[in-house]
Undergrad: 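Structure below; questions to follow.
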Amino acid sequence: MTDLQSLDWINQQARLSLKRLLPRLSAQFAEADPEQWAAFTRRLDAHFPRLFNLLVTLYGAHYDFFYHLENILAIAARSWLARPADLKALDAARESEPDWFHSNAMLGGVCYVDLFANNLNGIREKIPYFKELGLTYLHLMPLFKCPEGNSDGGYAVSSYREVNPALGAMDELRELAAELRREGISLALDFIFNHTSDEHDWAKRALTGDADHQNYYLIFPDRTMPDAYERTLREIFPDEHPGAFTFQPELGKWVWTTFHAFQWDLNYANPALFTAMAEEMLFIANVGVEVLRLDAVAFIWKKMGTSCENLPEAHLIIQAFNALACIAAPAMIFKSEAIVHPDDVVKYIHRDECQISYNPLLMALLWNSLATRKTRLLAQAMSKRLAIHPNTAWVNYVRVHDDIGWTFSDEDAAQLGVKGYDHRQFLNQFYTGRFSGSFARGLPFQENPKAGDMRISGTGASLAGLEKALAEKNELEIEYAIRRIILMHSIILSIGGIPLIYLGDEIGMLNDYGYRDDPAKADDSRWAHRPRANWQKAARRSDGDAVEGRIYQRLQKLIALRKTHPALSGHDTTLLQMANEHAFGYLRRGGFQPSGGGQILVLTNFSEVLQTIFLNRPPFVAATELITGNAVTLTPSVTLQPYQVMWLAP
Ligand code: GLC
Ligand code: GLC
């Protein structure tokens with residue numbers, strides 16, 4: 001592990017090198033706009049020591065370190081000077097209110113541009129829909145230029161500066177970002193920085209033999225190194241290619257490809273590559289992105305003899321990007337996509353690294369509780385793992401565009417007498433519908449007989465039983481499926497953090513099996529849960545008798561309550577210890593609000609059987625249940641209907 005240097009020493013070195021570099025930079029940039037230059041140097045003073053420390057640790061041993069350092073600072077300066085005025089205003093606003101994302105008004109949505117609305121213009125036309133739902137944050141799935149056919153849903157980027165022409169143009173994206181912002185919706189985009197597509201200009205140059213660009217990637221002349229690395233690597237997409245390397249016939253060499261063969265991993269050990277990616281990141285920031293989703297963070301640093309996941313240097317790289325964003329695009333926050341062991345997930349979450357992070361553990365354990373009707377694993381994991389740094393937040397979700405992996409901790413499970421491996425087998429059987437009595441209609445993803453594992457694809461509704469219940473025209477099961485959908489969403493809306501809805505789930509979209517007819521998608525079951533928006537179905541959201549309306553309207557109710565109750569802001573959450581193993585509950589306090597914000601007690605029933613809950617010393621006795629408006633007395637016990645959710649206020 002590369003230790004950061006002692007703070008005094010580093011601050012002194014940082015000051016010295018800045019003193020040397022600043023006159024050179026100022027000669028290039030100060031004259032153009034003295035006022036903006038002053039704003040830049042103010043932020044540089046604040047964040048350079050941190051940036052310097054990180055870069056020295058990562059790249060200090062390179063003979064040309066100062067050359068790279070100067071380049072990086074020049075990029076930051078140029079990018080700041082090019083940053084549009086409205087974004088600079090946002091920078092100032094966010095610096096004075098760094099806690100903005102803790103608000104109980106926050107609600108995220110995610111969709112594919114083409115599948116949801118054909119193109120960027122279509123997305124603009126859907127702003128009224130987003131507002132009706134209450135979104136304040138919209139993640140548009142990758143929309144940059146990418147290869148035709150299979151591009152891993154856009155996760156193979158051919159240019160970070162061009163929009164996929166089928167979706168629109170860069171100027172349209174800038175306008176869309178500005179319009180969303182005016183409507184109170186922050187745009188989130190991906191920074192796919194672990195790899196580029198093999199059609200990126202850098203990859204093309206590498207293919208022609210250009211050594212500088214070959215060094216942007218990890219390319220090996222024969223199998224010696226790949227074999228040595230693979231001894232300790234996990235296979236991510238084993239269906240597509242075994243191991244982590246792909247032979248490139250044009251080069252006669254092996255390229256590191258963690259994901260698909262056309263996604264080439266970038267070489268962050270090379271400071272020139274770090275510099276190039278910093279420039280792309282700041283370009284994306286200036287388009288108007290407020291939340292940058294850092295894709296596949298776990299994989300960005302490789303070291304022989306390790307799993308090449310979650311290495312210490314991966315954190316340093318992200319922190320260095322963070323410091324650069326603080327200098328040149330401070331309104332933008334980072335969201336970490338680390339779908340790994342919970343001990344590793346939290347290591348990315350920090351004000352100086354990723355301010356927000358997906359919460360894959362909550363996601364996986366919510367599905368676990370639905371399958372088992374038991375909440376012990378969930379309650380145990382949340383009581384020890386939900387609390388994070390006060391300046392950071394979870395992004396809580398029921399499902400996203402990816403598969404569901406059972407990334408709970410085996411050690412936690414063992415404490416409850418559950419064997420991780422066996423339990424995952426059960427969950428896979430359950431969610432693929434192979435387990436008799438299962439309500440779920442999921443599909444296996446990357447089934448790996450060698451490792452005996454798989455992950456699960458499926459929309460929220462199909463996994464929660466709606467697809468099966470509708471096919472069987474079973475009214476009771478339809479109602480239960482709807483309740484399960486609402487139960488899952490009620491928790492992401494109230495447990496603390498930013499709730500994120502996969503758009504379509506609010507009206508119960510089912511799996512779409514049409515992907516099997518498209519050769520570019522047929523091998524990837526994740527497309528089953530990425531259905532094209534169906535606006536006829538969406539229109540039924542106002543019909544309280546239609547399934548769509550039954551889901552949408554109940555969800556709407558919860559969203560409206562969330563937005564009016566500051567007790568649901570921030571993430572002051574106390575898990576309740578309950579004897580009833582089917583119940584799950586917590587007390588929320590709006591710690592983020594200076595004015596207090598009150599309390600809400602959340603109680604849920606994860607089974608289709610009536611449950612009685614005895615609360616040991618409830619925080620209050622006389623309560624109003626906010627969803628129904630009913631008065632409830634919390635002593636001696638509370639009774640919950642099948643899958644019922646209660647939000648109780650004193
Ligand atoms: C992330 C994305 C996923 C993609 C992978 C490679 O995990 O969410 O969809 O396949 O990274 O970019
Ligand atoms: C990333 C995640 C993994 C996920 C994959 C996309 O590798 O770590 O869990 O399944 O992306 O499918």
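As the structure lists them, so they are numbered: ligands from 1, and atoms in each ligand from 1.
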Undergrad: So is Arg293 touching ligand 1 or not, going by heavy atoms under 4.0 Å?
TA: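 Arg293 counts as a contact of ligand 1 under the 4.0 Å cut-off.
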Undergrad: With a 4.0 Å cut-off on N to O distance, would you call Asp114 and Arg532 a salt bridge?
TA: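 Not counted as a salt bridge, because no side-chain N and carboxylate O are separated by less than 4.0 Å.
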Undergrad: Mark the output for His260 as yes if a heavy-atom distance to ligand 1 is under 4.0 Å, and as no if none is.
TA: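 No, that is not the case, since the closest heavy atom of the residue is not under 4.0 Å from the ligand.
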Undergrad: As an exercise, identify every atom of ligand 1 less than 4.0 angstrom from a heavy atom of His401.
TA: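 What qualifies from ligand 1 is 2 (C), 3 (C), 8 (O), 9 (O).
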Undergrad: Does a salt bridge link Asp295 with Arg293, judged by any charged N lying under 4.0 Å from a carboxylate O?
TA: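 Yes, charged N to carboxylate O under 4.0 Å.
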Undergrad: Of all the atoms in ligand 1, which lie at a distance below 4.0 Å from a heavy atom belonging to Asp402?
TA: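 Within the 4.0 Å cut-off of Asp402, ligand 1 contributes 1 (C), 2 (C), 3 (C), 7 (O), 8 (O), 9 (O).
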Undergrad: Only heavy atoms of Asp152, strictly under 4.0 Å: list the atoms of ligand 1 that pass.
TA: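 Answer for ligand 1: 4 (C), 5 (C), 6 (C), 10 (O), 12 (O).
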Undergrad: Are any side-chain N or O atoms of Asn310 and backbone N or O atoms of Ala298, one a donor and one an acceptor, separated by less than 3.5 Å?
TA: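 No; zero donor-acceptor contacts below 3.5 Å.
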Undergrad: Mark up the atoms of ligand 1 that fall under 4.0 Å of a heavy atom belonging to His195, in ascending order.
TA: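 Selected atoms, number and element: 6 (C), 12 (O).
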Undergrad: Decide if the gap between the ring center of Phe299 and the ring center of Phe193 is smaller than 6.0 angstrom.
TA: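 Between Phe299 and Phe193, the centre distance exceeds or equals 6.0 Å.
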Undergrad: Where on Phe193 is there a heavy atom closer than 4.0 Å to ligand 1, on the side chain, on the backbone, on both, or on neither?
TA: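 Neither part.
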Undergrad: On a heavy-atom basis, I'd like to know which of Asp295, Asp190, Asn194 is closest to atom 2 (C) of ligand 1.
TA: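 Ranked by closest heavy atom to atom 2 (C) of ligand 1, first place is Asp295.
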Undergrad: Between Arg205 and Asp201, does at least one N-O distance fall below 4.0 Å, as a salt bridge requires?
TA: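 Looking at Asp201 together with Arg205, the answer is yes, because their closest N to O distance falls below 4.0 Å.
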Undergrad: Tell me if the centroids of the rings in Trp406 and Tyr421 come within less than 6.0 Å of each other.
TA: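 When the ring centroids of Trp406 and Tyr421 are compared, they turn out to be at least 6.0 Å apart.
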